[in-house]
Amino acid sequence: MDFKVGVIAGDGIGPEVTAEATKVLDAVGKKYGHSFDYTEILMGGCSIDATGVPLTDEAIAAAKASDAVLMGSIGGNTTTSPWYKLPPNLRPEAGLLKIRKELNLFANLRPAYLYEELKAACPLRDDIIGDGFDMMIMRELTGGLYFGERSTKEVNGVMTACDSLTYTEDEIRRIAIRGFDIAMKRRKKVTSVDKANVLDSSRLWRKVVEEVAKDYPEVSYEHMLVDNCAMQLVKNPAQFDVILTENMFGDILSDEASMVTGSIGMLSSASLNETKFGLYEPSGGSAPDIAGMGIANPIATILSAAMMLRYSFDLDKEADAVEAAVKQVLKEGYRTGDIMPQAGQSTEGITKVGTAEMGSLIAERV
Ligand code: IPM
Ligand code: MG
């Protein structure tokens, strides 16, 4: 089959890692008889440099015309880059928030999984890691604080900033349904994370999740306060299957979850709407400090491409092949710098490779 893939290479390490993901997709196409046609789409800092805004209407139209979009990363160093001297609505991140909203990408899936081969890179103690962990963070992506009214103004002579956190029951219900649906395909457990001891939005969240849970009698579910969840993620990560949560909590908890897998360079993500369309991106950032050096880990982006095969194109066999190729390469001892054994640990059988070599090794094993 032929698929139209929009590619947002973006900023920092984005272009390097997306190049490896398309390399792997091409290997999949060759082996399984598909073709992927790529359209470059500008977003983020590179779009600001070229057009003055982080996301143009043409870019949105190009994304909408694609079957799915593969993204690298956007943004730069927030203290030194000139992009951050611009008004907030013209900065790189505004482009990402806008595309999520325009395409209604309300469901963000962020799997965090400990590879047996990467146990050495996991910062947790062996007795905590146990047999590893495998969780899916379902983050609501188009509501809450990141999309509420905001202002900074002087009130009675004092500078006052305000961000508002709003959720409607419909917004909560649709993400909760996604969370429970995914749990049905996994270990049938949902942990809904909120701050219901303080926030009204969380109390509504809890009520709606309870209603949705009634339709899934096979799924066991619990509520957990977000501060406790932050602690439980490093205390006993294996207890989690699906973590269902609102936008900001999901942003923070998914970074934490990625770090306990050993490296943010391993964590893929999918942002989905009600159709088959999705935007697929690594959870990590643009890492401007290592951009252009050829040392970034492309695995998160390659695994995001695998999610694209699975969720947007219904190519499960092909997605399995990519995931197996990643496992195989790790088993053979290949590592980018971020997932190398820590100081004092054995490096026997381990080979350090750069971005392009890692991509090629995985492509060859598809
Ligand atoms: C992420 C990022 C974005 C977010 C930023 C860049 C706006 O941190 O995808 O997690 O907060 O959603
Ligand atoms: Mg984030």
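Both counts, for ligands and for their atoms, begin at 1 and track the order of listing. Count residues from 1 along the sequence.
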- If you scan protein heavy atoms around atom 8 (O) of ligand 1, the nearest is Asp251 OD1, 3.3 Å
- Item | Heavy-atom nearest neighbour of atom 12 (O) of ligand 1 within options Glu281, Arg110, Arg91, Arg100 | Arg100
- Message: Restricting to non-hydrogen atoms, name the atom on Ile137 and the atom on Leu253 that form the minimum distance, rounded to 0.1 Å.
- Response: CD1-O, 3.9 Å
- Task: Give the residue, atom name and distance (to 0.1 Å) of the protein heavy atom nearest atom 5 (C) of ligand 1.
- Result: Glu93 CG, 4.2 Å
- Below 4.0 angstrom from a heavy atom of Tyr146, which ligand 1 atoms are there? Numbered from 1 as shown, please. 11 (O)
- Message: For Arg139, which part has a heavy atom under 4.0 Å from ligand 1: side chain, backbone, both, or neither?
- Response: side chain
- the Mg ion (ligand 2) is nearest to which N, O or S atom of Asp251? OD1
- Charged tip of Lys317 within 45° of Tyr32 ring normal and under 6.0 Å: no
- Item | For Leu330 against Arg335, the heavy-atom pair lying closest together | O-NH1, 2.7 Å
- Note on the structure: All heavy atoms of Gly285 vs all of Ile13, minimum pair found to be O-CD1, 3.8 Å
- Query: Does a donor on one side chain and an acceptor on the other come within less than 3.5 Å for Glu93 and Tyr84?
  - Reply: yes
